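The next block holds one structure in the form of structure tokens; read it before the comments.
If you're wondering where the values come from, they're calculated on a predicted model, not measured in any experiment. Both ligands and their constituent atoms are indexed starting at 1 by order of listing.
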Amino acid sequence: MALLEIQNLKKYFKNIKAVDDISFSVNKGDILGLLGPNGAGKSTTISMIATLTAPDSGVIRFRGEDISQNPKAIQQSLGLVPQEIALYPNLSGLENLQFWGRAYDLSGALLKKRIHEVSEVIGIKERLKDRVKKYSGGMQRRLNIGAALLHNPEFIIMDEPTVGIDPQSRNHILDTVKALASKDTTIIYTSHYMEEVEILCERVCIMDAGKIIAAGTKDEITSSLGGGCELTLKLAKPDAALCEKISKLTGVSKLSAEDDMVFIVADDGDKVTHAVLELVGKSNAPLLSFDTKKASLETVFLNLTGRALRD
Ligand SMILES: Nc1ncnc2c1ncn2[C@@H]1O[C@H](COP(=O)(O)OP(=O)(O)O)[C@@H](O)[C@H]1O
Ligand SMILES: [Mg+2]
């Protein structure tokens, strides 16, 4: 049985279909990446899982039980790291952690121990006594994560935890997620950064305009696109006839051209590459550069929506 199961979930705000009939599930110990551009519906989805927003329709089950029937069960097991930082700037890091710890019914020696452990994990120990308003954005993010870890939750949801922070804090956060995952914690990691999701998550749901437009492991998603490999050619001049021939090659599933640049999605492997280069060699458009790489989730998104993830 899946730890979390979401069925036909919907949430509309007037005419905005924020979440438009999505279904997915998360198994215990999984790290699921929820990837999508701004406005895709990620935070609204999370807010419903966290029982902060009521769905218009659909069911969310936690350990098989409808969360609207028993919200406490998921509330107690969940550590939510919200997209907006939820800290008191005039209190110290320590006081903030004490506040959040009490909100989770922790007190006394146990709270002290957990604050000690968590501040080790998020790497803010030396700054615990400083007021949060003196922290960098990255440190505030880390403290925000720490607050959600105090009660040692078995299920963690992080909503875009690395937006707008320094690379050092970002790496620290990614390492924290990896460490949590190795402890068998179940995680939903939301981001519009494709690379992070590729590094961290075994399974990915790609969201756009309230819908899940692709789901599965990274390999399943890229192969559903019709290929595992991307070729980029720069020609000395545009050549429509050549593009036409390439697009008909076996193993080539997508081709788009922009002036002298040609983008190809194809099967993984040397065969297609050789065939493409052979056709280019026979054409009268000299090749200026050639690049090949494994297809990324970014390519999938681009192909499914015609837009880049970061638009
Ligand atoms: N409380 C709200 N009232 C009206 N519109 C909302 C509200 N919350 C979200 N939306 C809209 O729903 C859509 C999805 O938003 P959101 O879930 O925040 O997306 P994401 O987290 O993927 O950026 C957006 O168009 C957003 O403007
Ligand atoms: Mg959001």
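For ligand 1, the polar-atom distance check finds an N/O of Gly41 within less than 3.5 Å of one of the ligand's N/O atoms. Inclusion of Ala40 in the set of residues having an N or O under 3.5 Å from an N or O of ligand 1 is warranted. At a 3.5 angstrom cut-off on N or O pairs, Gly39 counts as close to ligand 1. For the pair Glu160 and ligand 1, the shortest N or O to N or O distance does not fall below 3.5 Å. At under 3.5 Å, not a single nitrogen or oxygen of Thr45, backbone or side chain, sits near a nitrogen or oxygen of ligand 1.
Those atoms of ligand 1 that come under 4.0 Å of a heavy atom in Pro37, given as number and element, are 22 (O). The contact set between ligand 1 and Thr44, taken as ligand atoms under 4.0 Å from a residue heavy atom, comprises 9 (C), 15 (O), 16 (P), 17 (O). The contact set between ligand 1 and Asn38, taken as ligand atoms under 4.0 Å from a residue heavy atom, comprises 23 (O). Close approach to Ser43 involves these atoms of ligand 1, each under 4.0 Å from a residue heavy atom: 17 (O), 18 (O), 20 (P), 21 (O).
Under the 3.5 Å distance criterion, with hydrogens and angles disregarded, no donor-acceptor pair is assigned to the side chains of Thr44 and Ser47.
For Ser119 (side chain) and His116 (main-chain N/O), a donor-acceptor pair under 3.5 Å exists by modelled atom type. Remark: the backbone N or O of Asp30 is not paired with any side-chain donor or acceptor of Glu202 at under 3.5 angstrom.
Not a single heavy atom of Gly210 sits closer than 4.0 Å to an atom of ligand 1.
We find that Asp56 and Lys11 are joined by a salt bridge, their nearest charged nitrogen and carboxylate oxygen being less than 4.0 Å apart.
To the nearest 0.5 Å, atom CZ of residue Arg127 and atom CZ of residue Arg142 are 10.0 Å apart.
To the nearest 10 degrees, the Mg ion (ligand 2) sees OG of Ser43 and OE1 of Gln83 at an angle of 80°.
No cation-pi contact links Arg114 to Tyr104, judged by a cut-off of 6.0 Å to the six-membered ring centre and 45° from its axis.
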